[in-house]
4 protein chains.
Amino acid sequence: MDRPGLAPPWRTSVWLNTPAPIDLEAQRGHVVVACAFQMLCPGCVSHAIPQMKAVFDLFAPHGVVVAGLHTVFEHHEAMTVTALRAFAQEYGIRFPVGVDKPAADGGPIPQTMAAYRMQGTPTLLLIDRAGALREQIFGHTPDLWLGAQIRRLVDEP
Amino acid sequence: MDRPGLAPPWRTSVWLNTPAPIDLEAQRGHVVVACAFQMLCPGCVSHAIPQMKAVFDLFAPHGVVVAGLHTVFEHHEAMTVTALRAFAQEYGIRFPVGVDKPAADGGPIPQTMAAYRMQGTPTLLLIDRAGALREQIFGHTPDLWLGAQIRRLVDEP
Amino acid sequence: MDRPGLAPPWRTSVWLNTPAPIDLEAQRGHVVVACAFQMLCPGCVSHAIPQMKAVFDLFAPHGVVVAGLHTVFEHHEAMTVTALRAFAQEYGIRFPVGVDKPAADGGPIPQTMAAYRMQGTPTLLLIDRAGALREQIFGHTPDLWLGAQIRRLVDEP
Amino acid sequence: MDRPGLAPPWRTSVWLNTPAPIDLEAQRGHVVVACAFQMLCPGCVSHAIPQMKAVFDLFAPHGVVVAGLHTVFEHHEAMTVTALRAFAQEYGIRFPVGVDKPAADGGPIPQTMAAYRMQGTPTLLLIDRAGALREQIFGHTPDLWLGAQIRRLVDEP
């Protein structure tokens, strides 16, 4: 019998918009919606970030944990934490954003991105109350579908 | 104690895209999503109709009943059934559309529109499995919210 | 040597938004921008009509003649003059719109559409001060290009 | 009698997408369209940059000089030349972009921005063949208007 596996832990170096890092394990009991993005990825900026802002506004008041993961796998010298802070301020991002930890071996793919075997950015993650990774989607996700999926996870016991 | 009342029956003259009229009472057990619109209402054409097409594509395969109601309350001479058929064909509408029955006294407001005391078009109706009118919204509805609300009703026993 | 031919005369039955029909020949000395459309053509409604409204607002004050031509070649029973009047009112069309004259032999293609050998709707016509048809484009026209072309004709002596 | 003054020279440190810096004075005889922007300015990214890409594609083949000016007046530590290079690559910018020279006194406003007394980003500049600054517009500019204005300058002797 098959069932979705546990979402791998997030390995992050720094967090914005939150007093304490978001530890996935500590979120058990909560639905978690996350978006892995890069601040210089056009599709992230035009679609995924505005969508996550709307998800945060609509679902965070109902206990859903909404987070961004800055999974930089190219232009590392441009997408620094300093640049990310400016980006988050200019784009009015209020949800927590964690910076994916650079590879230990100096490679381009950061650790969380590697653990999830993401294909690129944006990548959406939906994690249920039990910590299972229920959806991982690379690319554009329609709002209608996303609203339904989040609600489905919220309605689970 | 307060609870949502039953959705009033739909009073219609003609139906498109369905072999038989949709009788609300016969839909008990199904979630019903309906959009009251006029074919010459700009907001209906640019937002509500495309949204309903997406709702139909996403939710009809899961047993949700999706329907349009042509609630003509102005320009009656222009928005005839003949014109509606052409409109539905040109805009690729595949979900059932019922024509709201003209007022018996010759007034401008058709019967279903009057029964629901709608303020204008577009108006969205969400009806649960028990036939209760859970939401009635005049104007624009964000996809994210709508997806969540439909899923919420679908998840109810 | 080749040069653009004279724009064929418009053959129309009725005009909206103007006290007198627009006779192309009487417009010599003026640049004329026209859009052939159908009120139930989705691409006309979403792109061409809003574009023509902007063209009217920007260029009519500078002497450019802006007009619509309702070239109905399908769903004739739906796109009547009565329906067109309601459409023009609901969509806030203030520029003159002429109804293309039905074919004398009862065929589907109206007379002006046939004279210009239009392929469908929307079709944009640009006519210079001398009455020559300088551009005839079927489909979508980018605003940047259109603004430049109109200005080019306006700048001609 | 009043007439538009000469466009002040551009003071830049680095240029992208061009073998040699663009010297305004050397462009006499050419129409110049420029956009002052910041890579982390949302309105620049969503509107002004795509518009300039379209202007470049449409008008550069006809001899119009199209350029960007990276006028960084905030978040200087984030919007470095390194970051700008990554941004230009990711957003597919092919027109030349000059980096506005930082203020000599260490203030936040760079030198070209100060010389033009720009109010913010994006700011559009239209310069005629004689080097006169004909338009300077802060904020959004409609394509239809912009196409007409550029063409107007192109048509001047």
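First the proteins, then the strands, lettered A, B, ... as listed; each starts at 1. As the structure is a prediction and not an experimental result, all values here were calculated from the model.
Screening residues 126-157 of chain D for disulfide bond (SG atoms under 2.5 Å apart), with sequence neighbours left out, gives no hits. Under the ring pair (Phe, Tyr, Trp, His ring centres under 6.0 Å) criterion, the residue pairs touching residues 82-113 of chain D are D:F87-D:Y91, with sequence neighbours excluded.
For residues 137-157 of chain C, a heavy-atom distance under 4.5 Å to chain D picks out C:D143, C:L144, C:W145, C:L146, C:G147, C:A148, C:R151, C:R152, C:D155, given by residue number.
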Taking distance alone, no hydrogens or angles, what donor-acceptor pairs closer than 3.5 Å link side-chain atoms of residues 55-71 of chain D to residues at least two apart or in another chain?
unit_1, atom_1, unit_2, atom_2, d
D:D57, OD1, D:R94, NH2, 2.8
D:H70, NE2, D:M39, N, 3.1

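At most 12 non-hydrogen atoms from other residues, nucleotides or ligands lie less than 6.0 angstrom from CZ of C:R11.
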